[in-house]
Amino acid sequence: MDRPIALRDTLTGERVPLDPPAAAGTVRLYYCGPTVYGDLHIGNFRTLATFDVLRRALARFGYRVQAAMNITDIDDKMIRRAAEEGVATSEVARRYEARFLEDQAAMGIAPPDRMPRATEYIEAMVEDIAHLVERGAAYAAPDGSVYFRARAYPGYGALSGQNLDAIRVGARVEPEAGKEDDLDFALWKAHRPGEPAWPSPWGPGRPGWHIECTTMAARVLGRPLDIHGGGSDLVFPHHENERAQAEALDPDPFARRWVHAGLLLMDGVKASKSLGNVGPLRELRRRYDPMAVRLFFLTAHYAHPLSWSEEAMDAARAALVRVREVATRARAHLRAIAGRAGSEAVDLALDAQVRRAVQAFDDALRDDLNAPAANAVLFDLGRTINQAVGEPELGSEALARALGTYVDLWGVLGVDVGGETAVDEDRVRRVEALVSARQAARMRRDWAEADRLRAELEAMGVVIEDTREGARWRWQTERV
RNA sequence: GGCGACGUAGCCAAGUGGUAAGGCAGAGGACUGCAAAUCCUUUAUCCCCGGUUCGAAUCCGGGCGUCGCCUCCA
């Protein structure tokens with residue numbers, strides 16, 4: 001049970017096993033979080049959901065995990081947004097951070113253990129930048145900005161597989177005056193009028209984007225990171241630059257492996273706020289159950305692109321109903337057969353099927369977090385449970401075990417199957433009275449009365465399923 | 001132009017050498033007063049052309065096509 005999980009590493013392209021849980025100590029997981037200048041969209045959340053599933057899977061396999069995700073609360077976009085609104089960047093940051101946390105919770109994403117804000121680590125960044133300057137890895141320009149000498153770091157380009165001479169730099173961006181080389185990037189941006197600024201040995205200014213993650217990851221989690229992740233659009237230049245800075249500071253590897261989530265596509269093109277082809281998640285949340293969105297994310301492997309569409313979401317929505325109905329049906333049946341001892345053969349057969357499912361599920365997740373395969377296992381398990389419910393010799397304990405496993409495993413994938421609404425004994429008694437009244441009506445072939453009672457039950461949120469052994473009732477699964 | 005990913009049923013999508021998971025949609029059947037659900041069965045020349053192999057969706061070569069990164073970006 002302590003075989004390691006393997007993850008594909010962007011740097012080498014190889015599937016690299018993590019140390020087995022017993023030997024791994026605490027797994028340090030860092031991934032790039034949002035810039036809080038506006039609401040996040042569904043593409044952003046795909047990445048966050050990916051790392052959420054990774055954390056849950058690691059925990060399931062016995063790893064201790066420390067997860068950290070940055071909140072970028074100072075950058076060009078923050079400044080622009082604040083200027084548009086005529087308020088301080090900190091106000092924009094606070095507002096959108098709160099909205100982000102709300103979205104994150106609604107999506108069932110467990111908050112990372114640490115969520116450092118960039119503005120709270122500026123002194124540490126300045127320290128790191130100063131060290132880089134001392135070592136000659138970076139230099140101050142006349143205007144007070146500080147740049148990193150990209151070409152001086154021998155591994156530059158390795159993470160993204162870039163051939164430095166082929167990089168088209170400055171083709172479409174006006175070259176920044178003061179750089180020695182077009183590939184160099186800013187560690188510290190000199191103050192411009194109207195912008196927030198912090199003191200530094202090079203004059204007032206603010207940190208560049210890349211240094212923020214490097215500094216915070218090292219301070220908050222410590223080096224080396226076991227896993228450093230983010231969306232695959234961050235591979236170059238962001239992660240390439242992070243890696244260069246970090247290893248110029250300390251030549252030991254910054255991250256033992258890099259994991260990148262595939263992008264979400266809208267109409268075949270990357271979902272992107274700047275392209276304007278995607279709205280905020282909170283709008284989508286009004287139309288779709290967050291768990292349907294999670295289920296949609298699970299249809300593709302995390303590293304592959306995933307195309308959003310109404311059709312795909314409708315499919316996910318229908319699938320979610322199925323997922324939940326397995327549980328509500330099993331619970332209803334459990335209530336009906338409470339305490340029943342089944343046939344040993346039937347119970348053992350169910351146990352064995354559940355055990356096989358667990359095995360297949362774990363194998364799938366250990367294989368580069370293959371959630372679609374794990375997801376398929378759970379649909380099969382759902383079918384197994386439905387079959388078991390139709391089995392007259394089934395014992396209640398075996399069914400309870402199967403249901404418990406089903407709910408737990410969906411939980412590992414971040415899908416909340418949902419519990420019964422608060423058990424209201426009175427309501428249950430009323431339902432049961434109506435159900436038996438309807439049964440009696442059916443016995444005397446009084447279909448009108450039977451249908452009337454069914455309608456009454458439906459109005460109470462109860463679904464009747466007539467089976468060979470009589471009527472079974474369950475609470476209506478919420479349609480989403 | 002450089003680097004990378006991908007092309008599997010009507011749609012979404014797993015599957016890295018041994019004759020194709022799963023979801024959605026469709027069809028047939030069982031069950032059934034009706035209904036709903038469920039269960040069973042069923043729907044694929046794996047983009048094209050070569051090659052390696054006893055055997056390839058899977059490996060190699062060549063096409064064609066799509067997407068990402070190279071610029072802020074999950």
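Naming: A, B, ... by sequence-line order, numbering from 1 per chain.
A/Q162 has its CD atom 13 Å from the P atom of B/rA5, to the nearest Å. Rounded to a whole Å, the NE2 atom of A/H301 is 13 Å from the C1' atom of B/rU16. Atom NZ in A/K77 sits roughly 10 Å away from atom P in B/rC72 (whole-Å rounding). Counting to the nearest Å, the C1' atom of B/rC3 and the NE2 atom of A/H260 are 14 Å from each other. Whole-Å rounding puts the A/E310 CD to B/rC11 P distance at 18 Å. The nearest whole Å value for the distance from the CG atom in A/L265 to the P atom in B/rG7 is 14 Å. If you take CD of A/E242 and P of B/rC72, they are 14 Å apart, rounded to a whole angstrom. Between A/E449 atom CD and B/rC34 atom P there is a gap of 19 Å when expressed in whole angstrom units.
By the 4.0 Å N-to-carboxylate-O rule, A/K77 lies too far from A/D75 to be salt-bridged with it. A salt bridge is absent between A/R438 and A/E456; no separation between the charged side-chain nitrogens and carboxylate oxygens falls under 4.0 Å. A salt bridge is defined here as a Lys NZ or Arg NE, NH1 or NH2 lying under 4.0 Å from an Asp or Glu carboxylate O, and A/D289 with A/R324 meets this definition.
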For residues 67-74 of chain A, run the donor-acceptor check on the side chains, cut-off 3.5 Å, and write out each pair with its distance to 0.1 Å, sequence neighbours left out.
| residue | atom | partner | partner atom | Å |
| --- | --- | --- | --- | --- |
| A/N70 | OD1 | A/Y30 | OH | 3.3 |
| A/N70 | OD1 | A/G33 | N | 2.8 |
| A/N70 | ND2 | A/T72 | OG1 | 3.0 |
| A/N70 | ND2 | A/E212 | OE2 | 3.1 |
| A/T72 | OG1 | A/E212 | OE2 | 2.4 |
| A/D73 | OD1 | A/A118 | N | 3.4 |
| A/D73 | OD1 | A/T119 | N | 3.0 |
| A/D73 | OD1 | A/T119 | OG1 | 3.4 |
| A/D73 | OD2 | A/T119 | OG1 | 2.6 |

Just list the side-chain donor-acceptor pairs under 3.5 Å for residues 382-390 of chain A, sequence neighbours left out, or say none.
| residue | atom | partner | partner atom | Å |
| --- | --- | --- | --- | --- |
| A/R383 | NH1 | A/D380 | OD1 | 3.4 |
| A/T384 | OG1 | A/D380 | O | 3.1 |
| A/N386 | OD1 | A/R329 | NH1 | 3.0 |

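Separating the P atom of B/rA25 from that of B/rC39 is a span of 13 Å, rounded to the nearest Å. Taking atom C1' on both nucleotides, B/rA20 is separated from B/rG15 by 8 Å, rounded to a whole Å. Straight-line distance between the C1' atoms of B/rA36 and B/rA21: roughly 28 Å, to the nearest whole Å. If you take atom C1' in B/rC48 and the same atom in B/rA37, they sit 45 Å apart, rounded to whole Å. Comparing the same atom, P, in B/rG22 and in B/rU43 gives a spacing of 12 Å after rounding to whole Å. The gap from the C1' atom of B/rU38 to that of B/rC46 amounts to 32 Å, rounded to the nearest Å. Between B/rA9 and B/rA27, the two C1' atoms lie 14 Å apart (nearest whole Å). Across B/rC3 and B/rU41, the matching C1' atoms stand 48 Å from one another, rounded to whole Å.
For A/T47, there are no side-chain hydrogen bond (donor to acceptor under 3.5 Å, both in side chains) partners two or more places apart in sequence or in a different chain. The side-chain hydrogen bond (donor to acceptor under 3.5 Å, both in side chains) search around A/Q353 returns none, not counting sequence neighbours. Judged as a ring pair (Phe, Tyr, Trp, His ring centres under 6.0 Å), and not counting sequence neighbours, A/F297 has no contacts. A/A158 pairs by the side chain to side chain contact (heavy atoms under 4.5 Å, CB included) definition with A/L11, A/R243, not counting sequence neighbours. With sequence neighbours excluded, the residues that form a ring pair (Phe, Tyr, Trp, His ring centres under 6.0 Å) with A/F185 are A/F148, A/H210.
Across all strands shown, B/rG18 forms a Watson-Crick or G-U wobble pair with B/rC54, both key distances being under 3.5 Å. Across the strands present, B/rU45 finds no partner; the criterion is a Watson-Crick or G-U wobble pair with both atom distances under 3.5 angstrom. Pairing for B/rA30 goes to B/rU38, judged as Watson-Crick or G-U wobble with the two contacts each under 3.5 Å. The base-pairing partner of B/rC3, taking Watson-Crick or G-U wobble contacts with both distances under 3.5 Å, is B/rG68.
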Review item, nucleotides 27-33 of chain B N/O atoms under 3.5 Å of protein N/O:
| residue | atom | partner | partner atom | Å |
| --- | --- | --- | --- | --- |
| B/rG33 | O6 | A/R438 | NH2 | 3.4 |
| B/rG33 | N1 | A/D451 | OD1 | 2.9 |
| B/rG33 | N2 | A/D451 | OD1 | 3.4 |
| B/rG33 | N2 | A/D451 | OD2 | 2.7 |

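In the set B/rC69, B/rC67, B/rC12, the nucleotide with an atom closest to the side chain of A/T299 is B/rC12. Of the listed nucleotides (B/rG23, B/rA74, B/rC39), B/rA74 has the atom at the smallest distance from the side chain of A/L263. Proximity note for A/A319 (side chain, C-beta onward) versus B/rA37, B/rC24, B/rA74: the nearest is B/rC24. If you check B/rA14, B/rU38, B/rA74 against the side chain of A/R329, the one that comes closest is B/rU38. When the nucleotides B/rC24, B/rG68, B/rU16 are ranked by their closest atom to the side chain of A/K270, B/rG68 comes out on top. Considering only the side chain of A/Q387, B/rC40 comes nearest among B/rG68, B/rC40, B/rA5. Proximity note for A/R322 (side chain, C-beta onward) versus B/rU38, B/rA74, B/rA21: the nearest is B/rU38. For A/D75, counting side-chain heavy atoms from C-beta on, the closest listed nucleotide (B/rC24, B/rC72, B/rA13) is B/rC72.
Within the 4.0 Å cut-off from OP1 or OP2 of B/rA14, at least one side-chain nitrogen or oxygen of A/H304 is found. Under 4.0 angstrom from either OP1 or OP2 of B/rC3 there lies no side-chain N or O belonging to A/N163.
A heavy atom closer than 4.0 Å to some atom of RNA chain B occurs in A/N370, A/P372, A/A373, A/A376, these being the qualifying members of residues 370-377 of chain A. Within residues 229-238 of chain A, the residues having any heavy atom under 4.0 Å from RNA chain B are, by residue number, A/G230, A/G231, A/D233, A/L234, A/F236.
In this structure, A/I464 reaches the bases: a heavy-atom distance under 4.0 Å links it to at least one base atom across the strands shown. Contacts of A/R8 with the nucleic acid, taken as non-hydrogen atoms under 4.0 Å apart, include base atoms. Within 4.0 Å (heavy atoms only), A/G43 reaches at least one base atom of the nucleic acid.
Sorted by first and then second residue, the salt bridge (Lys or Arg N to Asp or Glu O under 4.0 Å) pairs with a member in residues 145-162 of chain A read A/R149-A/E180, A/R151-A/D165, A/R151-A/D181; sequence neighbours excluded. Each ring pair (Phe, Tyr, Trp, His ring centres under 6.0 Å) pair with one or both residues in residues 439-470 of chain A, not counting sequence neighbours, would appear here, but there are none.
Residues A/E242 and A/H238 have side chains that bring a donor and an acceptor to within less than 3.5 angstrom of each other.
The aromatic rings of A/H304 and A/H301 sit tilted, their planes meeting at an angle between 30° and 60°.
The ring of A/Y31 has its center no closer than 6.0 angstrom to the ring center of A/H228.
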